[in-house]
Structures are given as C-alpha cells and as structure tokens.
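Before any comments, here is the structure.
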Protein chains: 2
Amino acid sequence: MTDVQQKPDTISGVKHMKWWGWGVEGVAFHHDDKPAFAPFVKKIVGVELTQGRHDTGLDIGDLTVPASLASSAVVDKLTAIVGADAVTGDDLDRVVHTYGKSVRDLLRIRAGRLPRVPDVVVYPADEAEVQKIVDLAVAEDLVLIPFGGGSNIAGSLEPLPAEARPVVSLDMGRLSKVLDIDEDSGLARIQAGGQGPDLEEQLNARGWTLGHFPDSFTHSTMGGWVATRSSGMQSDKYGDIADITKGLRVVRPGGVLAIRAVPSASTGPSLREMIIGSEGRLGVITEVTAQVHRLPEKREIIAYLFPSWHDGLAAMQAIAESDAAPSVTRVSDAHETAFSFATSKPGKGISQKVTDALPLLLKAKGWDVDAMCLSFIGYEGSPEHVARTQKLVGKIVKANRGMSVGTGPGKLYDQKKFDTPYLRDFFLDHGGIGDVSETAAPWSKLRAVSNRVYAAANQAFDEIGKQGWIMSHLSHSYHSGACLYFTFAFEYTSEDVAEAEYDVVKKAIQQAFLDTGGTLSHHHGVGLEHAPWLEQDVSAEGVAVMKGLFDAADAGGNFNPGKITGP
Amino acid sequence: MTDVQQKPDTISGVKHMKWWGWGVEGVAFHHDDKPAFAPFVKKIVGVELTQGRHDTGLDIGDLTVPASLASSAVVDKLTAIVGADAVTGDDLDRVVHTYGKSVRDLLRIRAGRLPRVPDVVVYPADEAEVQKIVDLAVAEDLVLIPFGGGSNIAGSLEPLPAEARPVVSLDMGRLSKVLDIDEDSGLARIQAGGQGPDLEEQLNARGWTLGHFPDSFTHSTMGGWVATRSSGMQSDKYGDIADITKGLRVVRPGGVLAIRAVPSASTGPSLREMIIGSEGRLGVITEVTAQVHRLPEKREIIAYLFPSWHDGLAAMQAIAESDAAPSVTRVSDAHETAFSFATSKPGKGISQKVTDALPLLLKAKGWDVDAMCLSFIGYEGSPEHVARTQKLVGKIVKANRGMSVGTGPGKLYDQKKFDTPYLRDFFLDHGGIGDVSETAAPWSKLRAVSNRVYAAANQAFDEIGKQGWIMSHLSHSYHSGACLYFTFAFEYTSEDVAEAEYDVVKKAIQQAFLDTGGTLSHHHGVGLEHAPWLEQDVSAEGVAVMKGLFDAADAGGNFNPGKITGP
C-alpha cells in the first residue's frame with residue numbers, strides 16, 4: 001500500500017460517525033436524569049447500568065488492521081481520477097468504511113474482528129469521477145462498495161472475508177447538494193451523498209421538505225435510502241423511498257443509466273424499482289430526482305393510550321381504512337409502552353402525564369396498566385386538514401376504547417426520535433445487546449406475527465440461558481397491512497460468544513416473520529444479514545431471477561458482490 | 001397440423017372479441033341519434049359517415065391463414081396436458097390470438113396481413129397445467145405467448161414474423177376466479193385470466209371492488225393489466241396496477257415465482273415490479289393478490305367547465321396538491337371538449353346543458369366557447385368525505401375560473417366510458433383512422449408536451465397530405481405530474497398505405513413525448529409498437545440492464561421474445 005495518509009474527517013469536509021459506535025463524538029445517551037430507567041433495565045434483562053462503562057478505552061491503535069491489497073498502481077490510477085486529497089489508505093478511514101452500525105458490526109469492530117477491510121477509500125467529487133472509477137473497477141477487476149452515511153444495519157457495506165481482489169470503498173460524501181428544484185412539479189434533483197439534515201436544510205430554505213425521516217436520518221444519505229429501500233417515520237403521508245424516488249442516475253460500466261422523472265410509466269419491468277434496493281450491485285447511484293412537498297403549515301403529534309395491544313392495532317387499521325390521512329401512525333405494545341415510561345424524565349412528558357392520570361384511569365375505565373399501549377399519531381397540512389383529521393382519528397380512537405393524552409408526549413417523541421441508536425450503544429457499553437428487526441404483513445396476520453415473534457424470542461432467550469426482553473411497535477400503515485418493528489435485548493455472556501448468542505435470537509425472530517406471512521425486512525434492506533431468508537420470502541425462482549439480473553448486469557462481480565442474494 | 005378443430009367461443013366458455021374489431025358481435029357505435037356528430041367529423045377530418053360502411057362483408061373465409069408449424073407430436077404433448085377440448089388449431093381461433101386490438105392490428109387483420117399466426121392455442125385449466133406447458137415450451141423449444149382478453153394495443157401479442165419455432169398462444173381465459181378475499185386486509189387472490197366485469201361481479205357480490213377501470217375494462221384481464229402496467233380511470237383513488245398488485249404467482253421453467261402479499265418490503269430490487277410490465281417475457285402470471293376496497297357508500301362524477309386548457313390544467317394540478325382526494329381528475333382540451341359536445345344526444349347530457357347555459361356564460365364571463373374545456377371529477381367514499389371533497393374541489397375550480405355544470409354529464413360519461421373503441425371501429429369502417437397515444441410528465445412539462453404533440457401531429461398530417469385532428473385530455477393525476485392522453489384521426493388513402501400513413505403520425509407524437517420530458521407510455525405498455533423509443537426513455541444502459549434480465553431469465557428466448565426491448 002502507498003503512503004497516502006489522511007484524516008478521514010478532513011477529506012473535503014466529509015464527516016463520519018465514530019468508528020466504534022453511532023453518531024458523533026461527544027453525543028451520548030444519559031440515564032442520570034431518568035431515575036426509572038436503570039432499575040427498569042435491571043429488572044427486565046439484568047443489566048447493571050449504574051456500574052460504569054463496561055468497555056472503556058477504545059482506541060483505534062489497538063486494532064490490527066490488515067494490510068491493504070491495493071497495489072500502488074491501482075492507487076495511482078484512482079489518484080489520477082480524484083486527486084491525491086481524495087484517496088486514502090489511512091487505517092482509521094479504512095476501518096470506518098468496513099462496517100455499518102448494526103450491533104453485530106459494533107461487536108466485531110470493538111473486538112477488533114476485521115477479517116477484511118476496504119483497501120482504499122476514494123471520495124469522488126462528481127459523477128464524471130464516479131464514472132471513471134466504475135470503469136477502472138471493471139478494467140482492473142476491483143471490487144467497488146458505495147458508501148453513504150455508513151448507517152446500514154444489514155451488512156450491506158462489508159467486503160466479503162475471502163475477497164482476494166482489491167476492495168475500494170467509494171465514499172459519496174462530496175456529492176451532497178440539492179442541485180435543482182422543479183417548484184412547479186415538486187421534484188428535486190438531489191445528489192446521492194447528501195445526508196438527511198443537510199438535505200432537509202437545503203430544501204427547507206426554499207420551503208420544501210422530502211418528508212423522509214428514517215431512524216437513521218441524521219447519518220444516512222439519499223443514495224443510501226434508495227439503495228436499501230428505506231422508509232421514514234412519516235411514510236403514511238410521504239410514502240416509502242420507492243414512492244418518493246421518481247428519477248435516477250446510476251453510473252454503470254461505460255455509461256449512466258438514467259431514468260427520467262415521470263410520475264408513472266408503463267415501460268416494461270421497472271428499472272427504477274430494480275435500482276431501488278440494489279445495494280450497489282447494479283452500479284453507483286449518483287443522483288435521485290425525488291418528490292418533495294411544501295413545508296406543512298401545521299404539524300402536530302398527539303399521543304393516545306389504548307387499554308390493549310389488540311385495541312391499538314384495531315385503531316391503526318381503522319385509521320388506515322378511513323378517510324383520515326395522518327402523517328404518522330404508531331402504536332407501541334405493552335412492553336414498549338412500559339419501556340417508554342421508564343425513559344422519561346420526571347415531571348416531563350408522557351410519564352408524568354400518565355402518573356397524574358393513572359388513578360383516574362384505573363377507576364373510571366378499569367384498565368390493566370400493564371397492558372396499556374401508547375400511540376403517536378402525526379398530523380400535517382393546513383390547519384383545517386389537521387383539525388379534520390384529528391377529529392376523524394379521535395372518533396376511531398374512542399371507538400377502540402382509547403383516549404388522547406395530548407400533544408405534550410408527542411413533542412417529546414419528536415425531539416427524541418433519532419436518539420435510539422445512542423441508547424443502543426450505551427447499553428452495549430454496559431454489556432447488553434439491544435437490536436431491532438422489522439417486518440411488514442397484512443392486517444390479518446399482524447397479531448400472529450407479533451405472538452410468534454414473542455414466543456420465538458423467548459424460546460431463543462431460554463436457549464442461550466438469558467433473561468431477555470422483546471417489545472414492538474406498529475409504524476408505517478398501509479391500506480392492506482402495516483410494519484411491525486421489534487426491539488430485543490439481553491445481557492451477553494462475553495465478547496467471544498456475543499455474536500453467537502445474538503444469532504440465536506435474531507434468527508428466531510426472522511424465521512417467525514417468514515413463518516407467519518411477514519417479509520424479511522420492511523425497510524432495512526437485505527445485505528448479508530437477511531440474505532439467508534430471501535428465498536423463503538420471494539421463492540427460489542425469485543432469487544434465481546434476481547441473481548440472473550445481477551450476473552447479467554455485473555458479469556465480473558465487481559459491484560458489492562454477495563449482497564442481497566448471498567455470497 | 002392436426003385435425004383439432006374447435007369453435008373458439010365454445011372452449012370451456014372462454015369468450016373472445018370478434019376477430020376484426022373491438023367487442024362482441026351486435027354491439028356497435030351509432031351516430032343516427034347524434035345529429036351533430038357526422039357533420040363534425042366531416043368538418044374536422046373530411047370523413048363521410050353517412051354514406052354507409054366502407055369495409056363490408058368481412059369473412060374469416062377470405063383470409064389466407066398460414067399453415068400451422070406445430071408438429072402433431074407437439075400438439076399431442078399439449079393435448080396430454082390440457083385435454084383435447086382445450087387445444088385448437090382452428091383457423092379462426094389462431095387468427096383471434098394473433099393480434100391485439102390496435103388500429104394497426106385491425107388494419108392488418110382486415111387486409112388479411114397475417115405473416116405469422118400462433119400455430120396452436122391452448123386453454124389451461126389451472127396453474128399446474130400452465131407449469132407443464134411452460135416446461136414443455138423449454139423442452140421442445142416452443143414460443144409461448146400468454147393471452148388474456150386480447151385488448152392490447154402495443155403489439156404485445158403477435159408472434160415475430162420470422163419466428164421459425166412453433167408458437168403457442170396460451171389463453172388464460174379458464175383461470176377466471178376470485179379465489180379468496182382476506183376481508184381483514186383488503187387483499188383478494190385473483191386468477192390471471194379473469195376479465196374486468198366478471199371479476200368486479202365476483203368482488204361486488206361480497207362488497208368489494210378492485211377499483212381498476214381501464215378503457216379496455218370490458219375485455220381485459222387481471223393478468224393482462226399486470227403484464228402491461230395498466231392504469232384505470234379511477235387511479236387517483238385506487239392507484240395504478242403497480243400500486244394495486246401486492247402478491248404474484250408467475251410460472252417459470254421448473255417452478256413458480258411466488259411473491260407473498262405484503263404491504264411493502266425492503267428485499268432488494270423489486271421482483272414484483274419486474275413482473276409488472278413484463279408482457280410474458282419472465283414467465284406466465286397465473287395469480288395476482290390485489291388490494292381491494294370496500295364498495296364506496298357514495299359515488300358521484302361532477303362536470304366542470306374551464307375557459308381554457310391552461311386553466312383546466314392549473315385546476316387539476318391544484319387539486320393534486322391539495323388536501324382533496326377525488327377518485328377521478330380529468331380535463332379535456334378544447335378540441336376534445338368540442339368532440340364531446342358533438343357526440344351528445346340532443347336534449348341530454350352536456351351538450352344540452354351547455355347549449356342552455358351558453359348565452360349566459362358568454363355574456364357573464366366573456367368566454368371564448370372554442371377554447372372552453374370540459375372536466376370530470378369523481379368522488380367516492382362516505383357521504384361526508386364526498387361532500388367535503390366536492391367543497392374543496394369547488395373552491396379550486398372557482399379559483400381557476402371554472403364552473404360546475406352538475407352531475408348530469410358525469411352520469412353520461414360514466415355510462416359511456418367504455419364505448420370509445422366501438423367508435424374507433426365505426427370510424428375505421430368508414431375509412432378513418434382514429435387512435436390514441438398517451439404519456440405522463442411532470443406538471444412543469446405538461447403544456448410543452450401538449451404544444452409539441454399538437455405541432456408534431458399537424459406537421460405529420462401535412463406530410464401525408466391529410467386533414468388531421470388531434471385532441472387530448474389529462475387523466476391520472478399524481479403529486480408530481482399527470483398523464484396526457486391524446487387521440488388523433490385522419491382519413492387514410494387506401495388499405496395499402498394506411499399503415500404507412502399511420503406510422504408517420506404515430507411516430508411524430510411518440511417522439512414529441514420523448515423530446516419534451518414525457519414517457520413513451522403511461523399505461524399501454526411497450527410491446528413491439530413502443531420498443532423503438534425505450535432507449536430514449538430509460539437510456540441505453542437501462543435497456544441493456546433490462547435485456548440482461550430477460551436473457552438471464554429466459555436463455556432460450558421461449559417467452560414472448562422480442563417484446564419490450566425489440567426483436
């Protein structure tokens with residue numbers, strides 16, 4: 001490897017998350033101001049949060065980073081394309097580009113398990129440079145892995161361990177502009193490397209919003225959302241990324257695959273829908289023409305309580321089938337509701353409201369507080385639309401035995417909605433594994449999915465001899481069904497077996513999805529993590545057709561090989 | 001060829017349209033009761049409708065049908081699969097399965113131009129039989145062309161003229177059942193060969209509707225809609241077929257590609273969206289799990305008038321961006337509006353209403369009657385939803401200088417909406433070519449599309465030395481744009497040159513779509529007819545990727561070869 005050395009955060013201003021966890025240095029989850037939290041966690045999974053950091057002193061210097069396999073000739077050719085400032089073989093930068101931010105990724109990186117890291121990282125400045133890099137990859141038989149914000153949790157970014165060819169991580173961070181807004185049509189041309197907050201800022205400045213707010217929003221990119229079929233919290237109004245994406249530019253060997261932005265088309269199998277979710281296997285997405293909306297006049301999130309999960313689900317379904325058109329429909333099951341209460345600060349938010357109201361509730365309604373479910377419904381648009389939708393939803397909530405607890409908790413939810421990964425990392429610091437797994441299924445199957453996942457997770461916890469925790473919420477409602485989003489947690493035995501323990505639980509949950517009519521993933525993609533279930537989801541013939549597509553489009557296997565359909 | 005002989009209409013009750021035109025025998029367009037129509041047509045294109053039928057005495061016996069290339073061994077093997085009653089080499093049946101119902105198809109079939117017809121027609125009874133036929137096609141190197149209602153107008157059904165292998169038309173007419181409705185989720189499992197009215201009847205009987213009403217509704221099928229990316233008149237509410245289609249079963253060599261019905265999924269490139277629009281090239285669609293809706297409590301179509309095309313378009317755009325959610329948004333340009341008036345019966349419908357109101361309008365508003373544009377907006381749902389939507393739309397109409405003319409014309413439109421193809425055939429009988437071509441484009445480009453198409457069509461009419469007519473309407477509104485649907489007409493010189501004259505006009509219009517940012521087709525598919533423009537629409541790289549998909553999925557080229565990407 002050459003002597004190219006560069007601090008990753010200084011390359012043309014492209015920022016990365018810390019190498020060992022989510023988000024930026026200096027931001028972290030605290031529990032000191034949430035007195036109920038540590039006892040709650042102690043109770044549900046036995047993890048002791050008050051005894052200081054479990055893993056401390058993480059230092060990049062402690063890692064053994066394998067030597068780069070990129071010849072200086074290859075590095076020179078890359079340098080000739082992007083310039084010396086935009087190529088790096090720096091260990092830290094290579095490590096940062098090795099994994100996404102799943103729990104498995106963090107376990108591996110914290111334990112220094114780095115069987116294969118990208119050999120070189122390049123930061124192209126524009127599409128023309130991407131084209132040259134793509135063509136070089138084919139000519140020199142390199143492996144190219146596009147990298148957005150690095151937030152992926154499905155194993156879509158890591159090089160295959162046995163990969164003998166030089167692996168290039170293509171960091172799209174310099175392509176971060178909103179290039180143009182067609183204000184008449186509500187269509188914005190957006191570069192693939194732009195991260196959520198930066199893009200929203202550019203759009204908001206002109207009165208527009210993309211309306212796409214996945215949990216990863218603060219550290220994920222336009223191109224990444226498209227490449228993994230992302231979905232945001234306000235998808236009920238703005239749609240999944242497949243609805244939002246109208247036009248695309250994808251750099252392929254020899255030229256750009258350009259799909260013009262039209263509202264709908266009858267032009268054979270949808271190339272747009274082949275690129276969406278392709279995780280780099282069909283080329284490098286450089287530009288997305290996305291549907292954007294005028295910033296809403298009014299925006300409000302109201303919290304509701306339901307006496308049971310059954311009632312909460314029934315209400316969400318009734319809302320989805322009604323004339324009401326809220327921007328968010330979300331209801332937590334009893335476990336997640338209890339968890340939410342435990343993370344609240346005293347005198348603030350939902351915890352206090354419920355505490356105040358509890359005696360009254362119990363008396364008047366005869367509710368079982370342990371079965372109670374918290375819901376958030378979002379409203380956006382003209383004041384008149386918001387008022388009318390709230391009225392329609394209010395009726396449905398009432399018909400399903402629920403009650404409003406006002407906008408206070410909703411505001412809190414809105415502020416905290418991107419913080420979960422920090423909590424996950426904090427938990428990991430203290431020896432606990434917390435992770436998420438989500439599916440979508442028809443309304444008729446949601447309860448079966450939920451029941452089976454609980455049973456499967458609890459059986460898996462037994463299997464590994466752990467006191468585990470499982471909880472979920474419904475988000476993303478559709479006419480015919482919804483997304484169920486599960487979070488599970490347990491204390492791992494040791495760093496050596498943590499991944500194996502994790503696998504037992506994760507596999508049980510995924511299999512429960514497939515066994516009950518759900519899909520393997522609603523919005524986290526496939527990568528390597530979910531590839532084993534793809535055949536159960538889309539059938540063997542489906543996988544064969546998909547493999548045929550990839551093989552035909554990438555005969556040399558240069559573009560993120562092994563992802564989605566498996567190595 | 002063997003001696004298998006069977007009247008096509010008697011095979012297991014599968015009905016077909018007449019071989020020389022649209023629809024069923026005995027149903028036809030009349031102009032006797034529309035006194036303004038013949039003079040109007042005479043004026044705009046010079047065609048004389050009152051002088052009796054131009055083409056008469058069409059008789060299947062006059063056609064020279066090429067001999068079948070199917071060996072008796074092949075026919076025997078097909079017979080062994082489906083039974084003798086469900087295989088036919090009858091000339092009429094083979095002719096019926098040769099083309100769709102485009103003007104080009106009718107010109108060719110009426111002139112007896114049959115360079116290649118299917119060699120044998122089979123009517124499988126179920127998916128298992130389809131599987132055996134598909135496997136036989138690969139084993140014996142046959143060409144398989146799935147056939148639904150035969151309503152296609154993009155050349156998706158015809159065998160390639162140079163095809164030397166035996167061509168089997170796979171008529172799906174016996175698979176016509178709604179198999180199951182998941183009433184909780186609004187998901188219906190529907191067999192691919194079911195035709196519109198039959199399927200709606202089965203669904204309506206249980207209180208449901210698919211809400212999919214393309215112009216071809218009366219003679220098109222579930223499988224055909226999916227295979228060609230159809231869109232119905234009420235797509236604003238129910239979505240295009242790509243929105244409606246949730247699950248799919250597609251018979252491929254060796255097995256079924258099964259996509260489970262989930263509301264949304266993040267499972268790599270969308271196989272569902274590869275099958276949709278695939279026109280038989282990826283296998284045979286046998287079953288669709290479709291999103292269905294409860295029959296609306298109330299349904300109403302209101303007609304509006306706008307002083308200009310510009311105002312009409314602006315109103316539709318404002319509606320699409322508003323909180324209103326109508327089921328239909330449609331506005332005709334001035335030419336099409338004049339055409340609508342000319343087809344009305346005296347004392348009824350829009351013509352009379354406008355006639356009555358005209359003096360008042362002219363006086364009060366100073367409108368130019370020749371520029372006036374007729375619009376239909378549809379409302380469906382609860383009475384309260386309908387009332388509120390009408391109020392919201394009413395405000396937008398007013399703000400764009402339009403006025404309501406009530407529900408009378410809407411009722412008429414609703415009754416007549418599937419009749420246009422009969423009018424087209426009647427016109428053809430009298431020496432006139434009338435055809436349609438549609439696109440979709442962003443709102444910002446619609447006026448440019450419209451202007452360019454008019455200019456291109458008029459230039460093409462000049463080129464062929466004809467007095468031509470072009471008109472259009474907007475239908476299918478989306479957040480970012482809409483579909484523009486053009487109808488053009490002229491009197492052809494003779495049967496010998498009619499196709500060539502047609503080509504000049506058709507090509508000019510298609511090219512105008514592509515030159516102004518539109519797509520080559522909004523809902524009619526690609527087939528052979530639109531294949532020449534595919535590269536301009538989705539780029540050369542896009543076509544290459546699509547070809548790669550087809551070649552990988554169908555190495556022998558057995559499945560409707562040549563369609564979409566060209567022969």
Side-chain angles (χ1 to χ4, degrees), chain A residues 182 184-187 228-229 240 246 252 255-271 273-274 277-278 291 323 381-382 385 440-444 478-482 517 519-526 534 537-542 545-546 548-549 551-553 564, chain B residues 182 184-187 228-229 240 246 252 255-271 273-274 277-278 291 323 381-382 385 440-444 478-482 517 519-526 534 537-542 545-546 548-549 551-553 564:
Chain A
D182 172 352
D184 200 11
S185 311
L187 289 168
T228 58
R229 286 195 174 271
D240 297 331
K246 296 301 173 192
R252 294 193 25 82
V256 174
L257 191 167
I259 297 167
R260 52 176 66 190
V262 291
S264 185
S266 175
T267 50
S270 173
L271 286 158
E273 289 269 8
M274 291 184 219
S278 60
Q291 181 173 284
D323 294 328
S382 66
H385 173 79
W443 291 111
S444 63
Y478 304 85
H479 178 73
S480 62
T519 180
L520 64 83
S521 174
H522 172 263
H523 58 261
H524 284 149
V526 185
L534 187 62
D537 196 335
V538 303
S539 76
E541 278 299 325
V545 167
M546 216 188 284
L549 169 68
D551 291 347
I564 304 174
Chain B
D182 172 352
D184 201 12
S185 312
L187 289 168
T228 58
R229 284 194 176 270
D240 297 331
K246 296 301 171 191
R252 294 194 23 83
V256 174
L257 191 167
I259 297 166
R260 52 176 66 191
V262 290
S264 184
S266 174
T267 50
S270 172
L271 286 158
E273 289 270 9
M274 291 183 220
S278 60
Q291 180 174 287
D323 294 327
S382 67
H385 173 77
W443 290 111
S444 63
Y478 304 85
H479 179 73
S480 62
T519 179
L520 64 81
S521 174
H522 172 264
H523 58 262
H524 284 147
V526 185
L534 186 62
D537 196 334
V538 302
S539 76
E541 278 299 325
V545 168
M546 217 189 283
L549 169 69
D551 292 347
I564 304 174

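These numbers were taken from a predicted model, which means no experiment stands behind them. Every chain is numbered from 1, with letters handed out A, B, ... down the list of sequences.
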**Message:** Which one wins on heavy-atom pair count under 4.5 Å against chain A: B/Val526, B/Val538, B/Asp323?
**Reply:** B/Asp323

**Prompt:** What residue in B/Gly542, B/Ala553, B/Ser382 has the most heavy-atom pairs under 4.5 Å with chain A?
**Reply:** B/Gly542

**Item:** Closest-packed option against chain B by number of heavy-atom pairs under 4.5 Å, given A/Ser444, A/Gly381, A/Ala441, A/Gly548
**Value:** A/Ser444

**Max heavy-atom pair count under 4.5 Å with chain B, selected residue of A/Leu187, A/Val256, A/Leu271, A/Asp184** = A/Asp184

**Prompt:** Who wins among B/Ala540, B/Ala261, B/Gly186, B/Gly525 for the most heavy-atom pairs under 4.5 Å with chain A?
**Reply:** B/Gly525

**Asked** Ignoring hydrogens and geometry, is there a side-chain-to-backbone donor-acceptor pair from B/Thr228 to A/Ser266 under 3.5 Å?
**Response** no

**Request:** Output all residues satisfying side chain to side chain contact (heavy atoms under 4.5 Å, CB included) with B/Ser278, sequence neighbours left out; order by chain, then residue number.
**Result:** A/Pro269, B/Ile275, B/Leu282

**Request:** Side chain from CB out, backbone as N, CA, C, O: work out which of these in B/Ala482 comes under 4.5 Å of a heavy atom of chain A, or both, or neither.
**Result:** backbone

**Asked** When only pairs under 4.5 Å are counted, which of B/His523, B/Lys246, B/His479, B/Met546 shares the most heavy-atom pairs with chain A?
**Response** B/His479

**Choice from B/Val545, B/Ile259, B/Ile564, B/Leu520 maximising heavy atom contacts with chain A below 4.5 Å** = B/Val545

**Prompt:** In terms of heavy-atom pairs under 4.5 Å with chain A, which of B/Leu534, B/Asp551, B/Leu549 leads?
**Reply:** B/Leu549

**Asked** Is there a donor-acceptor pair under 3.5 Å between the side chain of A/Ser480 and the backbone N or O of B/Ser185?
**Response** no

**Prompt:** Excluding sequence neighbours, so at least two apart, what forms ring-ring contact (aromatic ring centres under 6.0 Å, His included) with A/His524?
**Reply:** A/Tyr485

**Message:** Could you report the tightest heavy-atom contact between B/Val262 and A/Gly517, atom names first, then the distance?
**Reply:** CG1-O, 3.6 Å

**Message:** Under 3.5 Å, is there a donor on one side chain and an acceptor on the other for B/Asp537 and A/Thr267?
**Reply:** no

**Atom group of B/Ala265 that falls short of 4.5 Å from chain A, counting heavy atoms** = both

**Structural part of A/Ala258 lying under 4.5 Å from a heavy atom of chain B** = both

**Request:** Heavy atoms only, distances under 4.5 angstrom: which of A/Ser270, A/Ala440, A/Ala552 has the most pairs with chain B? Name it, please.
**Result:** A/Ser270

**Prompt:** Is it the case that A/Ser264 and B/Asp240 place a side-chain donor and acceptor less than 3.5 Å from each other?
**Reply:** yes

